[in-house]
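Working notes, beginning with the structure itself.
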Amino acid sequence: MLTVLDHGVVPDGQTLNTAPLQALIDRCGEAGGGTILFPPGRYLTGGLVLRSHVTLHLENGALLLGSTNLDHYIHYNPVPEPFFESKEGLRALLFALDCTSIRVIGEGTIDGQGPRFGGTGIRAGLPRNIWFARCHDVIVEGLHLRCSPFWMQHYLCCTKVRLTDLDVWNHGGSNGDGIDIDSCRDVQIRGCRVDSSDDAICLKSGNLNVTENVLIADCLTRTHCNHFKTGTESNGGFRNIIVDGMVMTPSERRESHHGTEGADWRGACGIALGAVDGGCLENITVQNVTMDQVRVPFFIRLGHRSRPVGGTDVRQPVSFARNITIRQVNAREAAPQSCYIAGLPDAPVRDVTIADCRLDFEGGGAPELIHREVPMKREGYPSMEIFGELPAYAIFARDVDGLQLRDLTLSTRKPEPRPALAWSSVRRLVIDRVSST
């Protein structure tokens, strides 16, 4: 184990330590790996490049502080692995490419000082706190992750990723996602707590690799946007995803960032399942979820926006969505905007089960909504608001083949003229033990 204080690193929060820290990481990597220990202190640095078999261990009281000068970060432009948000290049506080067995662990804090990057005139080129691509066997555990200038942590085309017991706060920067898993396989996210201005836990597939074999368990999310989301980048698709145990509550930060979908401290949507760029949605289970005041409990959307694969002009035809289960959801005080399940006439969503849920809405919709013709929006952005106000107060379904609605308790707090359920172009529909009050 190497201690940074023994290698010329100054923990005063003012001295730029990029050079000695990078030298220490390189030395450790060349020796075949090892652990670099950060004792309590404030360590200011620019971008660092990790090496295989290297562990960064931040003790309780250790603060790794990102520089606010963009010149202190390597600007990868073009990026080594293209993705949609790379059009302005890439910067990262912790960067890793083609690494094996890397660890960032401990009870310390990584703070990107995102609010201090205001007025730079760029967006995606702002630093992420963590960007790891084409890496295998990644562990990020126990840390407090704070205020990234852009997405907090972005894992791209990685395998065997383990994110455990992370405390994430991402407000004040641009597009402040909490966790982004992009075109990865074999991922586990356990016991994490996220409060973010943009999506809290987001699965993406911005190239032709499917994001698959993902487990998200026992997490707490607070966000101004979507709590759990697939997309919007969805070229490769999503397969074999299990979410088991989430608590979704209002953000502790009440000031909304108006560039964010929803722009509301309650959060836009609890479970946002979308595939609109040629990728699939297959074998998705979300269960054991509690929501408090989230505006829309869930939506499922198969569309055809057909955004190009990152870094190319490749556009794909519409794919498929099938075998999706949402169960054991208890949602309190949702907005009048209802949930929806929507495919396309030529590509219906198939075999969906919504079961054992209690969904409580504000209600108060207008009577004329009952007969409203809902637009198709084939190429629209997949959001809770894409179709506007819907003819049902709880669940609206269209272009679905195989839909089971079982053991649902649906209610409103204000008088509501709309029915709880409405559907169009739905085949093989089963409604069993559904009550509406």
Side-chain angles (χ1 to χ4, degrees), residues 230-231 234 268-276 280-282 284 286 295-306 317-327 329 331 334-355 357 359 361-412 416-437:
T230 64
S234 49
C269 184
I271 303 162
L273 303 179
V276 297
C280 65
L281 274 173
E282 183 176 26
I284 314 290
V286 183
R295 293 176 67 190
V296 172
F298 70 84
F299 72 74
I300 301 170
R301 171 62 169 166
L302 180 64
H304 194 208
R305 177 181 61 176
S306 191
V318 66
S319 186
F320 60 85
R322 64 191 180 198
N323 300 334
I324 299 171
T325 297
I326 297 174
R327 63 188 175 209
V329 173
Q337 180 72 38
S338 67
C339 307
Y340 69 81
I341 305 163
L344 298 169
D346 53 315
V349 177
R350 299 181 183 275
D351 299 320
V352 175
T353 298
I354 312 296
C357 297
L359 307 179
F361 296 84
E362 292 178 13
E368 56 268 24
L369 292 175
I370 296 173
H371 304 291
R372 177 175 179 257
E373 184 175 343
V374 180
M376 182 62 63
K377 296 292 184 74
R378 182 183 182 92
E379 300 176 358
Y381 180 92
S383 75
M384 65 162 202
E385 298 173 325
I386 182 175
F387 299 119
E389 295 184 278
L390 294 167
Y393 79 74
I395 300 173
F396 172 78
R398 184 177 64 192
D399 295 315
V400 182
D401 185 354
L403 173 60
Q404 297 191 42
L405 304 173
R406 298 182 181 275
D407 297 297
L408 306 181
T409 300
L410 310 173
S411 61
T412 64
E416 175 58 73
R418 294 175 295 172
L421 308 175
W423 58 88
S424 173
S425 301
V426 174
R427 299 179 57 207
R428 297 190 296 127
L429 171 64
V430 175
I431 301 174
D432 187 13
R433 297 186 298 274
V434 175
S435 66
S436 171
T437 59

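All residue numbers refer to positions in the sequence shown, counting from 1. Being a predicted model, the structure only gives us computed values, none of them experimental.
- Within 6.0 Å of atom CZ in Arg427, 12 or fewer heavy atoms from other residues, nucleotides or ligands are found, so the atom counts as exposed in its surroundings.
- In this structure, Leu405 CG and Trp423 CH2 are separated by 8.5 Å, a value rounded to the nearest 0.5 Å.
- Ion pairing between a basic and an acidic side chain is recognised when a charged N comes within 4.0 Å of a carboxylate O; Lys377 and Glu385 show no such pairing.
- Remark: the backbone N or O of Val276 is paired with a side-chain donor or acceptor of Ser234 at under 3.5 angstrom.
- Side-chain atoms of Glu416 come within 3.5 Å of backbone N or O of Gly364 as a donor-acceptor pair.
- Taking every heavy atom of both residues into account, Arg372 and Pro391 meet most closely at O-CG, 3.8 Å.
- At most 12 heavy atoms of other shown residues, nucleotides or ligands fall within 6.0 angstrom of atom CD in Glu389.
- Using a 4.0 Å cut-off between charged nitrogen and carboxylate oxygen, Arg428 and Asp351 count as a salt-bridge pair.
- The minimum heavy-atom distance between Ser319 and Leu302, with the atom names listed, is O-CD2, 3.9 Å.
- Cation-pi geometry between Arg301 and Phe387 is not met at under 6.0 angstrom from the ring centre and within 45 degrees of the axis.
- Within the 4.5 Å cutoff, side-chain heavy atoms of Tyr393 are placed close to those of Ser436.
- Nearest heavy-atom pair across His304 and Glu379 is O-CG, 3.4 Å.
- Across Asp401 and Arg350, no two heavy atoms sit closer than the pair OD2-NH1, 2.8 Å.
- Using a cut-off of 4.0 Å between Lys/Arg side-chain N and Asp/Glu carboxylate O, Arg378 and Asp399 are scored as not salt-bridged.
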Apply side chain to side chain contact (heavy atoms under 4.5 Å, CB included) to the pair Val349 and Arg322, showing each step before the final yes or no. CA-CA 6 Å; Val349 177; Arg322 64 191 180 198; over 6 Å; no
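- Exactly one residue among Ser411, Pro297, Pro336 makes a side-chain contact (heavy atoms from CB on, under 4.5 Å) with Phe361. That residue is Pro297.
- One distance of note links CD1 of Ile300 with CD1 of Ile284; it measures 9.5 Å at 0.5 Å rounding.
- Heavy-atom minimum distance, Ala394 versus Leu410: CB-CD1, 3.9 Å.
- Tyr340 and Phe396 have their aromatic ring centers separated by at least 6.0 angstrom.
- Here OG of Ser338 is found 9.0 Å from CZ of Phe298. Values are rounded to the nearest 0.5 Å.
- Between Leu403 and Ile341 there is a side-chain heavy-atom pair separated by less than 4.5 Å.
- One distance of note links CG of Leu344 with CZ of Phe320; it measures 14.5 Å at 0.5 Å rounding.
- Contact annotation: the side chain of Pro367 never approaches that of Arg418 to less than 4.5 Å [non-hydrogen atoms, C-beta and beyond].
- Atom CG of Leu408 and atom CG of Leu421 lie 7.5 Å apart (nearest 0.5 Å).
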Take Asp432 and Arg406 through the test salt bridge (Lys or Arg N to Asp or Glu O under 4.0 Å) and record every step on the way to the result. CA-CA 5 Å; Asp432 187 13; Arg406 298 182 181 275; 3.0 Å; yes
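- Heavy atoms only, all atoms of each residue included: Leu281 and Ala275 are closest at CG-CB, 3.8 Å.
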For a side chain to side chain contact (heavy atoms under 4.5 Å, CB included) check, start with the C-alpha distance between Ile324 and Leu273, then their side-chain angles and the critical distance, and finish with the verdict. CA-CA 9 Å; Ile324 299 171; Leu273 303 179; 3.8 Å; yes
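- Taking CG of Leu390 as the reference point, atom CD of Gln337 lies at 5.0 Å (rounded to 0.5 Å).
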